Amino acid sequence: MITNKMTNKELHLKSVYLRKNLLKYIYRAKAGHTGGSLSCIDILNVLYNRVLNIDPNNFKDPDRDRYIQSKGHSVEALYVTLADRGFFPESDLETLCRYQSHYIGHPTKKVNGVEQNTGALGHGLPICVGEAIAAKIDKRAHRVYTLLGDGELPEGSNWEAFLAAAHYKLDNLYTILDYNKQQITGSNAEVMNTESIPDKLKSFGWAVREVDGHDLGQLEETLNNGYFEYGKPNFIIAHTIKGKGVSFMEGNLKWHHGVPNPEQYELAQSELTEAETLI
Ligand SMILES: Cc1ncc(C[n+]2csc(CCOP(=O)(O)OP(=O)(O)O)c2C)c(N)n1
């Protein structure tokens, strides 16, 4: 847990600010995974401003908490959050997706604050299992967090990792599922049915909680209160909405990696400005 001087109101305003920012850089870069970034930004806001014990000026501290974003395609959400926390100057994002920039369309360790290269779905969690085992062996108290997409969930490597995490009793491992129920070409139900996720994870030996993935208070309480059950890895199903915060993007598959045109961009920004006034 980190102590952050931000008030709850400021934390809520931060979510809107981060949404505006990620849209700004996707618009400028003319590329990005818009819907999935908007669906997970509240989770990242809470992680980086209320949960993770990390220092932008000492990122290699061996006792830092680890966060590996397995759904690497939502890198714009990660970049604007890292920039806001001071891992690099926000102006670096002007180069997003430009030739020879480190700020490419998936996370890379060349960027300060990024633990692991991700983007090929199904790799973040297995790496986190290794990180969590290493922490146990070294008797270190830090925690290991990862964020999975629900379209990523069917990757076979995840299910090997679920087995291994329970086998090694990794109660220092927190897997958050960005459960927006949509993938690229359709809903989970259409593309690959993964129900019932709680039953499956519990049967694999995990402790499972469900939260509203846009409720900052619920996220903070769930992620900050220690392991759910002694000796069991922690699985958090965060119910979210793809494209959350922009009316015409919410739940619309077209925005999986859609880039707004100038009119859509202005409309999106004005909706978010309106949302700010209601906080
Ligand atoms: C191994 C692999 N296969 C395919 C892809 C292409 N791909 C990128 S995002 C995506 C869909 C992911 O869906 P989901 O996890 O639900 O993403 P979200 O809705 O949270 O953005 C796919 C298939 C990939 N990145 N890696």
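Order of appearance sets the numbers: ligands from 1, and atoms from 1 within every ligand. Keep in mind the model is a prediction, meaning the values are calculated, not measured.
For Glu131 and Arg66, the salt-bridge test passes: some basic side-chain N is under 4.0 Å from an acidic carboxylate O.
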Pairs under 3.5 Å, nitrogen or oxygen of ligand 1 with protein nitrogen or oxygen:
unit_1   : atom_1 : unit_2 : atom_2 : d
ligand 1 : 15 (O) : Gly151 : N      : 3.1
ligand 1 : 15 (O) : Glu152 : N      : 3.2
ligand 1 : 16 (O) : Asp150 : OD1    : 2.7
ligand 1 : 16 (O) : Gly151 : N      : 2.8
ligand 1 : 16 (O) : Gln182 : O      : 3.0
ligand 1 : 17 (O) : His73  : NE2    : 3.1
ligand 1 : 19 (O) : Asn180 : OD1    : 3.4
ligand 1 : 19 (O) : Asn180 : ND2    : 3.1
ligand 1 : 19 (O) : Gln182 : O      : 3.0
ligand 1 : 19 (O) : Lys242 : NZ     : 2.7
ligand 1 : 20 (O) : Lys71  : NZ     : 2.8
ligand 1 : 20 (O) : Asn180 : ND2    : 3.2
ligand 1 : 21 (O) : His73  : NE2    : 2.8
ligand 1 : 25 (N) : Gly119 : O      : 2.8
ligand 1 : 26 (N) : Leu121 : N      : 3.1

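Applying the under-4.5 Å side-chain rule to Ile, Leu, Val, Met, Phe, Trp and Tyr, the cluster around Leu170 extends to Leu125, Val129, Ile133, Ile137, Val144, Leu148, Leu153, Trp159, Phe162, Leu163, Tyr168, Leu173, Leu177, Tyr179, Ile197, Leu201, Phe204, Trp206, Val208, Phe235, Ile237.
Side-chain heavy atoms closer than 4.5 Å link hydrophobic residues (I, L, V, M, F, W, Y) into clusters, and following such links, even through other members, never connects Ile184 to Val75.
Two rings, from His257 and His73, have their centers 6.0 Å or more apart. A distance below 6.0 Å separates the ring centres of Tyr174 and Tyr145.
Checked against Asp42 for a salt bridge (Lys or Arg N to Asp or Glu O under 4.0 Å), the options Arg19, Lys244, Lys14 give a single hit: Arg19.
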